[in-house]
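See structure below.
Here the structure is a predicted model, which is why all the values come from computation and not from measurement. We name chains A, B, ... by the order of the sequence lines, and we start the count at 1 in each one.
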There are 2 protein chains.
Amino acid sequence: MPSPYFTKLTKIMLLTQTEENYLKAIFKHSEEAGKGVATTNAIAIEMNTAPASVTDMLRRLSEKKLINYEKYKGVSLTDSGRQVATELIRKHRLWECFLVDKLDFEWDEIHDIAEQLEHVNSPELIRRLNEYLGTPRFDPHGDPIPDEHGNIPEREFITLSNLEPGQTGELIGLQEHPDSLMKFLKKINVAIGTKITVLEYNEFDESLYIQINNEKKGGLSRKVSDNLLMKVI
Amino acid sequence: MPSPYFTKLTKIMLLTQTEENYLKAIFKHSEEAGKGVATTNAIAIEMNTAPASVTDMLRRLSEKKLINYEKYKGVSLTDSGRQVATELIRKHRLWECFLVDKLDFEWDEIHDIAEQLEHVNSPELIRRLNEYLGTPRFDPHGDPIPDEHGNIPEREFITLSNLEPGQTGELIGLQEHPDSLMKFLKKINVAIGTKITVLEYNEFDESLYIQINNEKKGGLSRKVSDNLLMKVI
DNA sequence: TAAGACTTTTAGATTAATCTAAAAATATTT
DNA sequence: AAATATTTTTAGATTAATCTAAAAGTCTTA
């Protein structure tokens, strides 16, 4: 309707998967990382490309007004860039819920599949998927799922490494979730929701002696306990 | 394991989405259409590209041994090309089942979404999705779903236009399913499984006077009745 | 603060997928 | 079987996304 009266042109810009992935990488290394801006190098490492390729893409994303970019000064997302990024994260995490809740995948098997599914473009699909899953707020790794407006639920947590001997907490998420960590946790029977009691703190290597769900006891390295996000109970 | 003893190198060739779409188009215009070979022009129309682009792609698919191609002679799928094509069709139709059965989409809303989902690459995902859906043999349009080996269930049918007055049939599929046809059928309350009785044949324009599910009566053009695949009951 | 180290950008190529225009091959019709 | 029409291929460009090598900018540290 070419009328002079319409006020808001919600331009639906079709992005390539690559562009989408760059926006996610920028989100991760600026806002999510707590820094204001992402650096070219960080993005290159995240995307597994040469820094020169990143510079090139930054120029293009900047032209499309998805990022704020000044040469040599790092990069941050504009409002519309942030909207795209959080929508992708929302889609990724909803699909992860689907894979675990409905198709019985395990939490260490879903990332690569969700990485593909997140690029499927259909707002109605996501609306219905979200409803079908019961509007989950967290994904199978405990990561918060942004809502339609890009608001991300806050989690209050303390890392297991910061619990005092005697305290018990419930696992609500992971700081990072590399495959190796998830496989290890599976082996010792720790998952989202598991209760862990700190029995002893070992000063020498900063490891913990813990009890899992009031049953098995065992040791846990500092590196692992740093990655476990707990709610004290 | 670089051993001289392994015999079968199941080369998993990663194809681009575009290449995959060409293979589907070739399948549609050769085997599925009952012809031996697909022509450059037919593929160009199907893919919405210039014939020159098709020629280019044919050269590349031929190099990858996915098609049999001789200049000016048309093109057919090799065994591995056919395997890729039927897997795509399988994925497409399983996703369509998911969209309708689980997310309550209607049959005229699912094609474009399934067109994207079919390119997600994860055999395990499809294995589980198929199981989750109860191993359906036909999709929401009544189209047969190829099995893992590319075997396509046969349907026996007669078009509604070939039923005699007095005969009743059940709708089991559509010859083609453009949006306009599906929307029309929705409006007159005809869907897969609907029973249709032919009451009269109108010689002048070859239209039919029919009764739907022993209730409403109405007329149907030849063009529509040619597209309705029925099982006589 | 100047030298060296590191980061980032520029320059120039490459590949996949596309286009238009023109040439070549095949098919159809008189 | 010529002439004409249609289909298909070739030739030469273009765009997105990537690369390597080299130049430019910024940071760190001696």
Residues passing the side-chain hydrogen bond (donor to acceptor under 3.5 Å, both in side chains) test with A:T40, sequence neighbours excluded, are none

Can you list every side chain to side chain donor-acceptor pair (under 3.5 Å) pair that touches residues 144-156 of chain A, not counting sequence neighbours? A:D147-A:N151

Mind checking what makes side-chain hydrogen bond (donor to acceptor under 3.5 Å, both in side chains) contact with A:H119, not counting sequence neighbours? A:E20, A:N21

Ring-face cation of B:K102 near B:Y132 (centre distance under 6.0 Å, axis angle within 45°): yes

Residues in salt bridge (Lys or Arg N to Asp or Glu O under 4.0 Å) contact with B:E19, at least two apart in sequence or another chain: B:K64

Considering residues at least two apart in sequence or located in another chain, which fulfil the salt bridge (Lys or Arg N to Asp or Glu O under 4.0 Å) criterion with B:E31? B:R82

Considering only heavy atoms of chain A and a distance under 4.0 Å, specify the first and last nucleotide of DNA chain D in 5' to 3' order that meet this criterion. D:dA16 to D:dT26

What residues 38-57 of chain A contributes to the DNA chain C interface at heavy-atom separation below 4.0 Å is A:T39, A:T40, A:N41, A:P51, A:A52, A:T55

For B:N48, check side-chain hydrogen bond (donor to acceptor under 3.5 Å, both in side chains) against everything at least two apart and list the hits. none

Residues from residues 64-78 of chain A lying under 4.0 Å of DNA chain C - heavy atoms: A:Y69, A:K71, A:Y72

Among all residues two or more places apart in sequence or in another chain, which pass the side chain to side chain contact (heavy atoms under 4.5 Å, CB included) test with A:Y72? none

A:K71: what forms a side-chain hydrogen bond (donor to acceptor under 3.5 Å, both in side chains) with it, not counting sequence neighbours? none

Set of residues satisfying side chain to side chain contact (heavy atoms under 4.5 Å, CB included) with respect to A:D56, sequence neighbours excluded: A:R59, A:R60

